[in-house]
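Working notes for the structure below.
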Amino acid sequence: MLMRSFLLFLIFFGNLITIQAQNYELGKVTVAELQEKLHPIDSSAPAAILFKKGKTVFTYDEKNGFSAIHTYEFKIKIYKKEGLKWADQKVQYYVGYQNLNEDLLSFSNVVTYNLENGKIEKTKLENQGAFKRKINEYWNEKGITFPNVKEGSIIEYKYVLKSENIVQFPDFDFQYSIPLNYFEYKTEFPEFYIYKTLLLGTHKIESDSKIVMGSQNFSNEYGQSRSMSYKQINSFYAAKNIPALKEEPYVNNIENYRGSIKHELERVRMPEQPVKDYALTWEGVALTIFKDDRFGKEINKNSFLLEDVKKILANVQSPKDRMNVIFQFVQSKMNWNEKNGYYTDKGVEKAYKEQTGNIAEINFILLNMLKWAGIGANPVLVSTIENGVPVYPTRTGFNYVIVAVEIDDKQVLLDASRKYTTIDILPLNVLNWKGRLIKSDGTSKEIDLVPIKPSRENASITIKLNENGKIDGKIRIQRTDYEAYKFRVQNGNRNQDSYLEKLEEKLGNLKITDYAITNKITNISDPIVETFSFETENFVESIGGKLYINPMLFYGTTKNPFVQENRQMGIYFGYPKQEKLFVNLEIPDGYVIETLPAPIRLSLEDKSINMALNFLNDGNKIQFSFSKDINNSIFAADHYNALKTLFQKMIASQNEKIVLKKA
């Protein structure tokens with residue numbers, strides 16, 4: 001499928017290294033490097049990473065067992081003023097473990113190099129340039145601010161992260177918003193631990209792996225020196241000239257496309273112990289999650305809900321009606337504390353009493369009430385857009401849970417944590433490729449999160465034009481499904497006067513009167529309908545006795561969002577959508593039509609995007625229609641040129657004018 005085409009898997013065994021390792025060492029700064037004014041490949045780059053080196057090794061002590069030590073070294077060149085922000089470096093590390101000690105992070109070798117009078121000047125970081133802060137109960141952050149940094153500087157630093165978490169390592173990113181000239185990453189894994197290795201991005205890297213002998217020296221509980229020997233897998237990854245990852249429009253999560261190497265523990269094979277699988281199959285992932293008390297027990301903890309279920313379902317018979325009543329009850333009663341997760345924090349019973357909970361607690365309450373109502377429901381694990389796409393079996397790739405219901409031989413998805421969601425309408429950041437429905441018996445299946453049905457925005461406008469170019473108009477706008485949901489999220493709590501002030505500005509500084517809206521925050525399963533009258537002189541030009549009218553009015557687009565020559569990332573529209581505009585224009589007395597724009601129909605080859613403009617003249621009236629159908633939510637980057645061309649042609653047609661002349 002499309003998203004998976006953006007994620008390239010490599011098996012890192014048996015490949016021969018063709019990149020010759022050079023002497024990339026901290027402290028080896030040259031005059032030529034400091035004199036360099038522009039990046040040799042990307043002259044627009046404000047800075048560049050001259051090299052990044054990483055290494056992950058294991059250490060052992062008898063009390064805690066194996067731990068991981070991750071070491072990273074950076075050398076960065078500042079070319080322009082915009083690159084000075086790279087003089088501030090921050091690293092987050094995890095401190096919220098239940099059964100492990102906190103991660104430890106330390107910086108060293110923090111140096112700024114400048115060229116002064118032809119000589120290299122070296123400035124080391126003083127203590128006041130380092131800082132630490134607590135982000136939340138799970139994460140801390142350490143950072144450094146380099147001294148004496150200016151255009152032309154080179155900065156270097158090293159940091160070491162020590163962690164008892166050997167299940168999942170920090171990602172080794174090798175692509176940033178600036179070019180990276182060279183990276184290398186070495187790992188040394190004892191044979192007891194088998195890791196799944198995943199390469200993200202589209203960049204070919206060189207790799208090599210070999211089995212060697214490893215050893216650990218440690219002290220036993222009596223202070224006596226001991227050692228152990230074992231086989232270990234040493235791997236090496238490297239690449240040159242990684243281009244900058246630049247922001248582009250219509251991207252779901254740029255992290256899905258960042259060049260990166262990931263490792264997650266798949267299996268443990270300790271001597272004389274049973275083999276322990278961690279994330280080898282989706283079934284194994286599902287079973288592991290269900291066994292956790294904060295999941296499995298909580299979706300079966302429902303006796304405290306029975307009385308309320310009986311009360312709200314009195315005289316409600318059909319399964320669909322029962323589902324709707326329960327969903328609206330939970331949605332109204334519960335308040336989200338803005339914490340994601342598929343595990344509960346305080347538990348469903350306490351959350352229910354306090355009427356506040358995290359995502360898991362709210363949707364587990366919904367699931368439990370549905371079960372009491374005799375409705376088949378199961379949890380669905382989700383990775384939100386900002387969390388990325390879990391394309392291989394992993395429990396750490398998910399960060400959210402919703403509910404799937406089988407009703408009337410159909411499956412619908414529910415999330416009661418937000419006030420404007422409805423049946424099969426989820427928060428926008430949940431529309432992220434696939435979810436994983438899991439059952440108590442450990443089985444699971446993949447389900448689509450992105451809707452098939454298009455959401456619509458239809459507008460009908462009647463306008464009367466006078467000979468001075470003034471327009472008096474009336475408009476009716478109807479929004480359905482996700483278009484309605486998005487409108488409610490953006491405007492549901494906004495004061496109407498404030499909204500209209502922004503709307504008048506957005507639509508070209510016209511004047512709005514007789515405004516009305518239905519189903520804004522009530523009947524939220526129904527479409528939103530806006531109606532209003534307006535006056536404007538902004539869409540008509542009078543030149544040489546002729547009137548030039550933009551038929552698209554405030555719906556017109558003048559700039560193509562796709563301007564890059566090439567595209568690295570997929571094009572993400574969120575959900576299928578349909579836009580229709582119908583304009584009925586009455587021309588002023590004494591004028592006739594000189595020119596109407598030519599009708600046009602445009603489509604991608606596979607009909608995944610269709611656009612059309614059409615005109616019809618009937619006496620003193622002109623009927624104009626525009627439609628745009630986007631039938632997929634995401635398009636692969638190799639569709640970019642065709643899509644860019646299609647949008648450019650349509651924008652050109654949209655900006656053709658109706659020309660009226662005096663009779």
Any donor-acceptor N/O pair, Thr645 side chain to Asn641 backbone, under 3.5 Å: yes

Quick test of your reading of the model: are Glu264 and Lys196 salt-bridged, counting only N-O distances below 4.0 Å? no

Salt-bridge test for Asp481 and Arg456: reply yes if a basic N is under 4.0 Å from a carboxylate O, no otherwise. no

Is there a donor-acceptor contact under 3.5 Å linking the side chains of Asn363 and Asp415? yes

Does the Asp308 side chain pair with the main chain of Leu305, one donor and one acceptor, at a distance under 3.5 Å? no

I need the single residue from Phe534, Phe582, Phe624 that forms a side chain to side chain contact (heavy atoms under 4.5 Å, CB included) with Ile461. Which is it? Phe534

Looking only at side-chain N and O atoms, does Gln175 offer a donor or acceptor that is under 3.5 Å from a partner on Tyr257? no

Can you confirm whether Pro451 sits close enough to Leu431 that some side-chain heavy atom of one is under 4.5 Å from a side-chain heavy atom of the other? yes

Decide, yes or no, whether a salt bridge links Arg567 with Glu248 under the criterion of side-chain N to carboxylate O below 4.0 Å. yes

Under 3.5 Å, is there a donor-acceptor pair between the side chain of Lys301 and the main chain of Asn368? no

Would you say the side-chain atoms of Asn300 pair up with the backbone N or O of Gly296, donor to acceptor, closer than 3.5 Å? yes

Step by step, would you call Asn399 with Thr384 a side-chain hydrogen bond (donor to acceptor under 3.5 Å, both in side chains)? CA-CA 7 Å; Asn399 69 325; Thr384 59; 3.0 Å; yes

Taking the six-membered ring for Trp, are Phe169 and Tyr195 closer than 6.0 Å centroid to centroid? yes

Any chance the rings of Phe615 and Phe626 have centres within less than 6.0 Å? no

Gap between atom CG of Asn378 and atom OG of Ser440 - 0.5 Å precision: 7.5 Å

Is a side-chain donor or acceptor of Asn256 paired with a backbone partner of Asn387 at a separation under 3.5 angstrom? no

Any cation-pi pair here, Lys520 with Phe487, using under 6.0 Å and within 45°? no

Looking only at atom types and distance, does a side-chain atom of Trp139 sit under 3.5 Å from a main-chain N or O of Gln92, one as donor and one as acceptor? no

Test: Glu137 and Lys339 ion pair at under 4.0 Å: yes

Short question: side chain of Asn432, backbone of Leu449 - any donor-acceptor pair under 3.5 Å? no

Flag side-chain contact, heavy atom, 4.5 Å: Ile517 against Val529: no

Does a side-chain N-to-carboxylate-O contact under 4.0 Å join Asp408 and Lys410? no

Pair Phe573 + Tyr250: ring centers closer than 6.0 Å: yes

Determine whether the aromatic ring centres of Tyr485 and Tyr420 lie less than 6.0 Å apart. no

Donor-acceptor pair, Gln411 side chain versus Glu406 backbone, under 3.5 Å? no

Please check if the side chain of Lys371 supplies one atom and the backbone of Ile299 the other of a donor-acceptor pair under 3.5 Å. yes

Hey, mind stepping through Tyr342 and Tyr400 against ring-ring contact (aromatic ring centres under 6.0 Å, His included) and telling me if it holds? CA-CA 5 Å; Tyr342 56 78; Tyr400 204 96; over 10 Å; no

Can you confirm if the aromatic rings of Tyr575 and Tyr482 lie within a centre distance of less than 6.0 Å? yes

Mind checking the CD1-CZ spacing from Ile365 to Phe329? Nearest 0.5 Å is all I need. 9.5 Å

Side-chain heavy atoms of Tyr515 within contact of Tyr499, under 4.5 Å: yes

I need the single residue from Leu437, Asp424, Val382 that forms a side chain to side chain contact (heavy atoms under 4.5 Å, CB included) with Leu413. Which is it? Asp424

Looking only at the side chains, is there a donor atom on one of Thr421 and Gln331 sitting less than 3.5 Å from an acceptor on the other? yes

Got Ile571 and Ile634 here, is their nearest side-chain heavy-atom distance under 4.5 Å? no

Spacing of Met323 atom CE and Ile375 atom CD1 [to the nearest 0.5 Å]: 7.0 Å

Intermediate values then yes/no, salt bridge (Lys or Arg N to Asp or Glu O under 4.0 Å), Glu457 and Lys580: CA-CA 7 Å; Glu457 179 177 341; Lys580 289 186 180 296; over 6 Å; no

Is a donor on one side and an acceptor on the other found under 3.5 Å between the side chain of Glu446 and the backbone of Gly435? no

Side chain proximity check, Ile402 to Leu426, heavy atoms < 4.5 angstrom: yes

Check ion pair Glu530-Arg479 (N to O, under 4.0 angstrom): yes

